[in-house]
Trainee: 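Attaching a single structure in structure tokens format; questions to follow.
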Amino acid sequence: MDSLIAQLLALLRRAWRYRWPGVIAAWVVGVVAAVLVFMVPDRYEASARVFVDTQSFLKPLMSGMVVQSNVEQQVSMLSRTLISRPNMEKLVRMADLDLKSQTKAEQEAVIDRVTKNLSIQSAGRDNLYTLSYRDSSPDVAKRVVASSMSIFMESGLGASR
């Protein structure tokens with residue numbers, strides 16, 4: 001027990017001897033970390049979970065297939081259907097993202113950015129999917145997810161009619 005206390009006291013003496021370089025190092029690391037944190041741009045993500053009856057929604061698409069598809073293939077088909085070019089153009093118009101673009105190239109860049117940042121993933125359960133979008137503006141992220149859900153609902157209603 002005495003040797004343990006002696007080792008602890010020796011350690012404390014060495015730490016006390018080098019306290020100022022330790023304090024300076026801690027401040028330098030803290031300032032560098034704070035600068036790095038403030039340089040990272042803000043990213044917001046909006047997401048929605050939706051239950052999809054894949055049998056009724058994808059049946060018209062899979063009418064010529066003999067083999068039943070698994071969940072990954074269903075998610076892939078669902079995302080290809082929702083992230084098709086006409087749907088992306090409609091989504092950009094519904095979310096008012098095309099208001100600032102003046103040229104056709106700018107509109108194409110907006111559509112490409114929305115397509116890249118929009119993701120559809122299986123939520124783990126059968127027929128439950130998560131639709132999410134990331135952007136630097138929380139309002140834009142929310143509008144894009146709401147518009148994509150509207151397009152999704154409209155396409156589901158149109159297929160059932």
Trainee: Using only atom types and a distance under 3.5 Å, with no angle test, would you say the side chain of Ser147 pairs donor to acceptor with the backbone of Val144?
Mentor: no

Trainee: Taking the basic N atoms (NZ, or NE/NH1/NH2) and the acidic carboxylate oxygens, is any pair closer than 4.0 Å for Glu108 and Arg85?
Mentor: yes

Trainee: For residues Leu118 and Met88, determine if any side-chain heavy atom of one lies less than 4.5 Å from a side-chain heavy atom of the other.
Mentor: yes

Trainee: Heavy-atom distance under 4.5 Å between the side chains of Val114 and Tyr133, does that happen here?
Mentor: yes

Trainee: For a quick test of reading the model, state the closest non-hydrogen atom pair linking Ala95 to Arg143 and the distance between them.
Mentor: O-NE, 2.9 Å

Trainee: Examine distances only and state if a side-chain atom of Arg19 and a backbone atom of Trp16 form a donor-acceptor pair shorter than 3.5 Å.
Mentor: yes

Trainee: Is the closest side-chain heavy-atom distance between Glu106 and Thr103 below 4.5 Å?
Mentor: yes

Trainee: Where do Asn87 and Ile151 come nearest, in terms of heavy atoms and distance?
Mentor: O-CD1, 3.6 Å

Trainee: Please name the pair of heavy atoms, one in Val145 and one in Ala48, separated by the smallest distance, quoted to 0.1 Å.
Mentor: CG1-CB, 3.7 Å

Trainee: Any side-chain heavy atom of Asp42 sitting closer than 4.5 Å to one from Ser136?
Mentor: no

Trainee: OG/Ser101 to CD1/Ile111 distance, rounded to the nearest 0.5 angstrom?
Mentor: 8.5 Å

Trainee: Taking all non-hydrogen atoms of both residues, which atom of Leu131 and which atom of Ser148 are closest, and how far apart?
Mentor: CD2-OG, 2.9 Å

Trainee: Could you pull out all residues at least two apart from Leu9 that satisfy side-chain contact (heavy atoms from CB on, under 4.5 Å)?
Mentor: Ile5, Arg13

Trainee: Should Met149 and Leu97 be counted in the same cluster of Ile, Leu, Val, Met, Phe, Trp and Tyr side chains packed under 4.5 Å apart?
Mentor: yes

Trainee: Heavy atoms, side chains only, cut-off 4.5 Å: are Arg43 and Asp135 in contact?
Mentor: no

Trainee: Are Asp112 and Lys116 side-chain neighbours, meaning at least one heavy-atom pair lies under 4.5 Å?
Mentor: no

Trainee: Between Ser47 and Thr130, is there a side-chain donor-acceptor contact under 3.5 Å, judged purely by atom types and distance?
Mentor: no

Trainee: Roughly how far, to the nearest 0.5 Å, is the CG atom of Asp98 from the CD atom of Gln107?
Mentor: 6.5 Å

